[in-house]
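The chains referred to below are lettered A, B, ... by the order of the sequence lines, with proteins before strands, and numbering in each begins at 1.
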Amino acid sequence: MDVTNRYIARVLEKIADYSEILGENAFKVRSYRRAAQTIESLDVPIAELLDRGEAIPGIGKGIGAVVREILEHGESPLLKALEEKVPKALIRLLAVPGIGPKTVGKLIRELDIDSEAKLEQAIQAQKIRALPGFGAKIERRIAEALRAAHDPNARRPLADMAPIAREICRTIARLPGVDRCEIAGSIRRVSERPKDVDLVVATRQAKTVAEAVREVAGTGHVTAFGPDKVSFTFEALWPIPVDVRFVAPEQYGSALLHFTGSRAHNIFLRQRAKMLGLKLNEYGLSHGDGRLETFADEAALYARLGLPYVSPELRDDAEIFAPARVRLLDGLISSEDIRGDLHMHTRSSDGGNTIEEMARAAYARGYRYIAVTDHSASLKVAGGLSVERLKAQVEEVRRIETRLSEEWGAMFYIFAGTEVDILPDGTLDYPDEVLAALDFVVASVHTSFRQSRETMTARLLSAVRHPYVDLIAHPTGRLIGRREAYAVDMEAVIEAAARYDKVLELNASPYRLDLNVDHLRLAAQAGVKIAISTDAHNVSELEQMHLGVQYARKALIPRSMVQNAMDPEALIAYLSRNRGKIRPR
DNA sequence: GCCGTTTTCGGCCCGACTGTTTTCAGTCG
C-alpha cells in the first residue's frame, strides 16, 4: 500500500479528534493537529525525511513513532485503540454546528451512549436536555443532524461560491454607513472548495450596519447576532453559511488578515507578535501598557512584524515563512507578468465572441499575443472545425492580426491554433499536415473519460510525444465538485513533457484549476513549463487569468516557468522548434 | 505531545457569540 503524506495527515487528524472527545490534554491534541498540517504541506514523502534523520518541526519522539508505524503497517494501533472507545455515529456529530468534542465526550461518559441506536433512545427519552449545561436546543440539533441525510458541512466548488460571495458583498457595500466590504476566508485564499463566506466590513456604525445586514439576510436563518458580528445562512440552491464582521476603518488591515487566515498562518503571526512583546488580534497589536497599534492595511502589519508580505493564496502554506520559501516569493508569477493567453474559443466553435473581439479584449488587458484554439472536427457538440473551416480560420486570423497590429502601431500576435482532441486511441483529430501548418497546437481529452489508467496514460503520452503538439490542456479533466479527474499516471505525463519539451496547462477556469497544486509542483520540479490559460469562451472569461495566476502561486510557480509570461519573440522561437519558423513574414 | 533569546519544566494564539446559565464553558473561526 502506498502511504502518502496526505494519508498520514488524515490518520493524525483522526487521532486528534478521538483524543479530544476522550478529554485528552488539549495541547497534546493540538500537537497532533499541527503535525498533521505540517506533514500535509511537505514537498517530499515524510519517509525520506525520517530516513535521513532530518528534524521536522512539530514532530518529536511520540508522533514520530506513530508516523513510523503508519508507514510500516499502513495503519495506526493508536488510532485503532481510540476507535474502539468512540463509536462512529458520535464522531459524525462533530460536523454539527455548535457541537464539539467536549459535548460529544459528555454524551459518551454521562449517558453511556455508544451507538446510533442509543443516541436515538436518549433523544426520545429527552435525556440529553436533562444534562447540566445542555438544553432543549442542543438536543434538537442533534436530532436534526441524525435525520439530515446529507453532510451538513458540504463544501461547494469555488466557481459556485465566489460569485455568491461577491454578490452578498456588493449588497452590503451599498448599505448606509459601510465604508467597504471585502471577501476574506477561504475564498480569498483561493481554496478549491470553500466551506463558507467570510466578509469583513469597515464601518463606524457597526450597530446600525449589523441591523441592516440582518435585514439583508432576509429569509435566511440568522445564527448569530451581535454588534461585531452577524452570521446567517444564505439560501441559494443550497444553504451557504455567511459570517460578516464589522471593524473600524483604521483596523481594517488587522481584521482582514485575521479573517482571511489560514488558522495556522494566524497562529504563526501571533507567536511572532508575542516574541516582540506584543499581542496580535483582529483589532491590531496590543502593547504591554494597553496601547493599541492599528493597521489600515495588511502590508503594514506584516512589515511591522518584520515579515515579508504574503498574498492570501499563499497563506495555506504552513511553511511559507521558512527561509527557503521566503526566497521564492519575489520570483513568483504575478498577474503583471502575463503577456498573453494561449487557450480560447471563438464563435467558430462554442465560443461567444469573434476572433477580433477576443483580440481587442486581450489587447485591452495589456497582452501582446493570444492563441485562437477552437475545437477540432470530431467534437460535434462544441461545433468543432472541419479541416476546411480550420484552414479558412487561419487565413482570417492572419488578416485580423495584420489589421489590428497596424491599427495599434505595434505587433499584436494572434497565433492560429487549435484545441485538437486526443482521440481514445491516442491519435489526434487532425492529420499531421494540417497541424504542421498551425502556429500553436493545444491537445486535450474530451471523450472516453472512463478508460483504464494504463490506456488513458498511454493516450496522453502519445499526444505529448506528437511532434506538433505544444501544450496539453486541462491534463486531468477534473471538474471541481462535478467530475473526478480521469485515471491517469500524471507523473509519467510530467516526465514525458519534460523529456519532449512540452508545456502543461494550468486551466484557470474556477471549475477546472487543472493541473492541481500537487501536480503543478511536480511539473515545476521536473522543469516543465506551465501555460496559465483561461480557456475563455467569451471576452469576460479572459478575466479568469487572475484566478489562474493566484492558483499557480499556491504551487510556488515562478514567472520563469510560465510560458505565457514569455515575450512574444521568445515564445515564437520556442514554437518554431518542431515545425520550422512559424508564420514566415 | 512538542519545544527552548521565557531553554529540560512549564508553557503552548485570541476573541465573539451561544446556550445555559446568573458567571461561564464550549464552539467557532
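- Taking atom C1' on both nucleotides, dC14(B) is separated from dT8(B) by 28 Å, rounded to a whole Å.
- Checking K61(A) against G226(A), the closest nucleotide of DNA chain B that is more toward the 5' end is the one next to K61(A).
- Checked against N507(A) for a side chain to side chain donor-acceptor pair (under 3.5 Å), the options D535(A), T476(A), T534(A) give a single hit: D535(A).
- Using a 4.0 Å cut-off between a side-chain N of Lys or Arg and a carboxylate O of Asp or Glu, E313(A) and K554(A) do not qualify as a salt bridge.
- Taking the P atom of each, dG10(B) and dC17(B) are spaced 37 Å apart, rounded to whole Å.
- The CG atom of L280(A) sits 9 Å away from the P atom of dC14(B) (whole-angstrom rounding).
- Nucleotides dG11(B) and dA16(B) are separated by 25 Å at their P atoms, to the nearest Å.
- The side chain of I63(A) has dG1(B) as its nearest neighbour among dC12(B), dG1(B), dG15(B).
- Taking atom C1' on both dG15(B) and dC9(B), the two are 29 Å apart, rounded to the nearest angstrom.
- One atom, CZ of F225(A), and another, P of dC17(B), lie 10 Å apart when rounded to the nearest Å.
- Using a 30° and 60° split on the angle between ring planes, F268(A) and F321(A) fall in the parallel class, below 30°.
- Rounded to whole Å, the distance from CD on E24(A) to P on dG1(B) is 8 Å.
- Taking a cutoff of 4.0 Å between a charged side-chain nitrogen and a carboxylate oxygen, E182(A) and R180(A) qualify as a salt bridge.
- Annotation: cation-pi geometry satisfied between R214(A) and F225(A) (NZ/CZ under 6.0 angstrom from ring centroid, within 45° of ring axis).
- One C1' atom belongs to dC2(B), the other to dT6(B), and the distance between them is 16 Å to the nearest Å.
- For the contact set between residues 293-313 of chain A and DNA chain B, defined by any heavy atom under 4.0 Å, there are no members.
- In summary, E167(A) and R170(A) engage in a salt bridge, as defined by a charged side-chain N under 4.0 Å from a carboxylate O.
- Partners of Q121(A) under the side chain to side chain contact (heavy atoms under 4.5 Å, CB included) rule, at least two apart in sequence or in another chain, are K118(A).
- Judged by distance alone, with hydrogens and angles left aside, the side-chain atoms of Y551(A) form a donor-acceptor pair with the main-chain N or O of V517(A) at under 3.5 Å.
- Residue Q271(A) contributes atom CD, which lies 9 Å from atom P of dC14(B) at whole-angstrom precision.
- The residue among A224(A) and L278(A) whose nearest nucleotide of DNA chain B is located toward the 5' end is L278(A).
- Taking atom CG of L82(A) as the reference point, atom P of dG1(B) lies 11 Å away to the nearest angstrom.
- Among the protein residues, F268(A) comes within range of no part of the nucleic acid, since none of its heavy atoms lies under 4.0 Å from any strand.
- Going from atom CG of D228(A) over to atom P of dC14(B) covers 19 Å, rounded to whole Å.
- Which of dT18(B), dG1(B), dA16(B) sits closest to the side chain of R245(A) comes down to dA16(B).
- The NZ atom of K28(A) sits 4 Å away from the P atom of dG1(B) (whole-angstrom rounding).
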In 5'-to-3' order, the base (B), backbone-only (S) or no-contact (-) status of each nucleotide in nucleotides 19-29 of chain B, using a 4.0 angstrom heavy-atom cut-off, is SSS----SSSB

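- Taking atom C1' on both nucleotides, dT23(B) is separated from dG29(B) by 24 Å, rounded to a whole Å.
- As rounded to whole Å, 14 Å separates atom C1' of dG15(B) from atom CD1 of I267(A).
- Remark: dG15(B) base-pairs with dC28(B). Criterion, Watson-Crick or G-U wobble with two distances under 3.5 Å.
- A salt bridge is defined here as a Lys NZ or Arg NE, NH1 or NH2 lying under 4.0 Å from an Asp or Glu carboxylate O, and R33(A) with E20(A) meets this definition.
- In summary, R204(A) and D179(A) do not engage in a salt bridge, as defined by a charged side-chain N under 4.0 Å from a carboxylate O.
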